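To start, the structure itself, in structure tokens.
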Amino acid sequence: MTTSEELTGVERDGHYAGETAGRLPPGRNPRHFGIDPGEPWPDDVPMDQDDTHWRFENDPKAAKRAENRIAVLFVLTLLSSAGLAWDYISNDGQTQVAAACFGVGLAALAVGLILMARDLMPGNEVTASRGHHHVSEDPDRVAVAESLARGIEPFARRAFLLKVLAPVGGAFSLALLFPIASLGPRPHRDLLQTKWGRFTRAVNQDGQPIRPNDLPVDGILTVFPEGYMDDALSPTLLINVGQAPFRIVKGNEGYNIGGIVAFSAICTHAACPAKLYNTQTHQLICPCHQSTFDVLDNAKPVFGPAPRSLPQLPLTVDAEGYIVSQSDYTQPVGPGFWNRG
Amino acid sequence: MSSTVERAAAKKRYSIGKSVLDTVDERFGSSKFLTSALDKIFPDHWSFMVGEIAMDSLIVLIITGIYLALFYVPSGTDVVYAPTSGHVYAPLVGQHMSEAYQSVINLSFNVRFGLIMRQAHHWAALIFLAAVTFHMCRIFFSGAFRKPREINWIIGLILWQIVSLEGFTGYSLPDDLLSGTGIRVIYSIIQSIPLVGTWLAYDLWGGRFPGPTFLPRLFVIHEFLFPLLIIGLLTAHLMILWRQKHTDFPGPGKTETNIRGSRVWPQYALKAGGLAMMVAAVSFLLGGLVQINPVWLYGSYNTFTVSAGSQPDWYLGWLDGAVRLWPHWEFRSFGHEIPNPFFPGLLMPGIIFTVMFAWPWIDKRIYNDYKAHNLLDRPRDKPFRTGVGVAAIIYFIDLTLACATDLLANDLHIGFERLIEILQIGVFVGPVVGFFVAYRVCTALQRTNAHPIQRPIGGVIYRTADGAYHTLGEHHPAPAGADGNGHGNGHGPDTRREEEALPTSAGD
Ligand code: HEM
Ligand code: FES
């Protein structure tokens, strides 16, 4: 006991520095700290453990150097705080400076703490018993089972009550679904229709109606039913395929205006707008999962996970020469759902 | 040079500490508990730090997250960009956007230290997810999920799912183009659930997406519901850990019934505190120096714009990848259909998670080992389990690569069609190859017994007269005359090796 550093913890004889009386409860030998005194000591573990030692306990000079090193780190944290203040007040909170100050300040503190633990604090490795895997003794297990049975048995004998309980519980759980049902509107036919209808004008992003001449060959334009820019299912692609051979499927005759065709922009896979148009191959590619649709073949999917063609919107021109829809889509647009039919 | 002054000071400090503790004890009778807490032993191994890193990044997330929540406006109402006083981000002037998006832009440009808080939050989320995933791998490969720790494995897996969703919901809050696209896809996946999908989607989103109810709900889920669940489950996770004591790798003097390490106070506490500071330091350094999720470049969400290159954050890449790789199949009959995204988006993860949840019990059957364990396995000592783990990792990597096919195809100069086909094959072939390679590597490593500080734990493989190979163990008693004494390298009985009950016809 010659250096002040030695006063940091419990001494080997179990007395705290400066204390004359033993402070540990009987049986608590500091040599096997952490072990329940009642617990048998595992055979294969050496008894002489002592975690009061620390790294530089026999080298006061090295300890002093370690102390200084840690102090320097803590001062770095102090400087970082000042830097942060400066950044806020006179540097408009510049982000990179803030990063450096936060980073250096916290890292210095981190290293300081870790060095303190490593160099100056007691705590070499020790071994302790785990106890019986924390498993209880048999009499305790019997006791708890009996306590439980106290409440179960009288109840289990009431066969009638148990029979009533099942349907009652079921009904009540179902009743609890009603507040959940209020969370959203019923879908009804919502997913089966869009805002296109008889002679609905197609407008562009700025709300302007479109004439067939506005769309050059190979041009593509996203249009919306007039007044419903934000409707999730209505965005539609107008494409002018020009003279390219467009295959008209049965039932879709008269849907086009010359080379101008209209397909739903909503991918039949997972509803991204499938609107990257390759004018060479006349293919639409969906940027989300790369489903590819062949426009000339009625927007049939030719690659990727999309399972169905993009539905075609029947077009015509109104009295003022603007592009309008003849009717809504004749099949539901967008991704599948249980009742799509 | 010990002086009486110093001794007196030490005595004084001690008595102050004691009187504080006495005051507490008079209220709570806490002395016994506190002693056992301060004296608690925690084993040291670098891989045990990973769970701690997860915990530390969670703390950074909570602190930065509260800060962000004070500025965020959960509203989809359409506004024209109106910067709060200070900087104006020129490219957005005059543009329409949602209030939510505007609040994020203003926090980024017009709140001092706002941007670093936002980016540190996002970086901490990535570190968090990486740490949790790595932590789970360490638990798996070292067999830490075995009895009595199955429940912590279950809680951990639930945590993994919730933190992934927490990350996803956070990613979606700014209402920018990328995040809106992700939400749209998830909406379609929910909508694809047989029977109830449409109703479920309408109830969760309050109607179609985009719609006015969605952002306020997302905010509550991300700021309240999920954090509450995470903190609750994590508390249970750590209380169980505390109660059961940490596992340890086998080593000299270590047995199933003892535990070796340094005490919580002061060694472990100071080092853990240091590690927490370090995690915060890294989050803030990255947050201030490395740009992440620059939503001002993406623009506000609308239904009709999307750019190529929409990827989720890495931890959900495997789901997006699965959705890309699944072929164009869907099933229709009797006027009903099970849509395409259901299979890769819900059914596949459902099966994967079921297997993962059941793994502790599957593992018991494979190894016919129903005992409790406190000593971990070295991965090489359980070649079958390690092989399964490696196969799973390759499976996830293949799917994660698939979520970036558009970018990768560009970089590799091959068509994305080819790349998808390669990954479709890879998702079957890769795990099988991975399993066998890992298995072989494990058995080879076992034979070298290379680890310097551990007792040799090697399978002793012997050859019977007809040329078959067997591993020695209680389930395959060595016939007379077989090589080896059944106690690897003659170091005395080594029970651990004999727990590898798989008939390892190690193929060489
Ligand atoms: C929010 C995420 C999580 C946090 C913050 C967390 C935190 C921790 C911490 C600090 C430990 C002790 C240190 C260590 O062994 O690394 C631990 C142990 C454990 N964790 Fe987690 N964990 C999380 C998720 C998980 C997951 C996803 C799994 C597995 C599916 C898991 C399973 C376990 C098990 C079995 C133990 C006991 C390990 C042993 O005693 O060896 N945890 N966890
Ligand atoms: S949403 Fe179009 S390919 Fe998936």
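All of these numbers come straight from a predicted model, not from anything done at the bench. Heavy atoms only: backbone and side chains are in, while hydrogens, waters and symmetry mates are out. Order of the sequence lines fixes the chain letters, A, B, ..., with proteins taken first and strands second; residue numbering starts at 1 for each chain.
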- Minimum heavy-atom separation for B:S188 to A:A270, with atom names? OG-O, 2.9 Å
- Message: For a quick test of reading the model, state the closest non-hydrogen atom pair linking A:C288 to B:V185 and the distance between them.
- Response: SG-CG2, 4.4 Å
- Message: For the OH atom on A:Y88, are there more than 12 heavy atoms of other groups (residues, nucleotides or ligands in this structure) within a distance under 6.0 Å?
- Response: no
- Message: Tell me whether A:R186 at atom CZ has more than 12 heavy atoms from other residues, nucleotides or ligands lying less than 6.0 Å away.
- Response: yes
Are [X] and [Y] packed together at the side-chain level, in the sense that at least one heavy-atom pair is separated by less than 4.5 angstrom?
X	Y	result
A:H269	B:E330	no
B:V323	A:P305	no
A:P185	B:Y202	yes
B:T181	A:C272	yes
B:N340	A:R308	no
A:R340	B:R332	yes
A:L106	B:M278	no
B:F284	A:V104	no

Looking only at heavy atoms and a cut-off of under 4.5 Å, which of [options] has the most pairs with chain A?
options	answer
B:D44, B:I116, B:T405	B:I116
B:D320, B:D78, B:I259	B:I259
B:V282, B:L195, B:L115, B:L289	B:L195
B:Q191, B:K40, B:K271	B:Q191

Can you tell me which portion of [X] sits under 4.5 Å from chain A's heavy atoms? Options are side chain, backbone, both or neither.
X	answer
B:Y187	neither
B:L275	backbone
B:W199	both
B:H246	backbone
B:P327	backbone

Backbone N/O of [Y] and side chain of [X]: donor-acceptor pair under 3.5 Å:
X	Y	answer
B:H328	A:A306	no
B:R324	A:H289	no
B:D203	A:G184	yes
B:E337	A:F337	yes
A:Q290	B:F416	no

- Query: Looking at B:R208 and A:D231, does any basic side-chain N land under 4.0 Å from a carboxylate oxygen?
  - Reply: yes
- Item | Trace of the side-chain contact (heavy atoms from CB on, under 4.5 Å) decision for B:I193 with A:W338 | CA-CA 7 Å; B:I193 299 173; A:W338 182 247; over 6 Å; no
Does any heavy atom of chain B fall under 4.5 Å from the side chain of [X], the backbone, both, or neither of them?
X	answer
A:L115	neither
A:L84	both
A:T292	side chain
A:T222	side chain

Tell me, out of [options], who's got the most heavy-atom pairs with chain B below 4.5 Å.
options	result
A:A108, A:A265, A:A181	A:A181
A:A232, A:S182, A:C267	A:A232
A:P235, A:A271, A:A107	A:A271
A:P187, A:G103, A:A100, A:A98	A:P187

- Check the pair B:T198, A:N339 against side-chain contact (heavy atoms from CB on, under 4.5 Å), reporting the backbone distance first and the verdict last. CA-CA 8 Å; B:T198 318; A:N339 275 337; 5.7 Å; no
- Item | Approximate separation, where rounding is to 0.5 Å, of B:R112 CZ and A:T95 OG1 | 11.5 Å
- Rounded to the nearest 0.5 Å, the CD atom of A:E125 sits from the CZ atom of B:R263 at a distance of 11.5 Å
- Task: With sequence neighbours left out, write down each residue that passes salt bridge (charged side-chain N to carboxylate O under 4.0 Å, His left out) with B:K12, or none if nothing qualifies.
- Result: none
- Let me see the working for B:L270 and A:R118 under side-chain contact (heavy atoms from CB on, under 4.5 Å), right down to the final yes or no. CA-CA 9 Å; B:L270 283 184; A:R118 190 191 71 175; over 6 Å; no
- Task: Name all residues meeting the side chain to side chain contact (heavy atoms under 4.5 Å, CB included) criterion together with A:L109; count only those two or more places apart in sequence or in a different chain, and write none if there are none.
- Result: A:F74, A:T77, B:M277
- Message: For B:F113 and A:F102, take the angle between the two ring planes, folded into 0 to 90°, and tell me which bin it lands in: parallel under 30, tilted 30 to 60, perpendicular over 60.
- Response: perpendicular
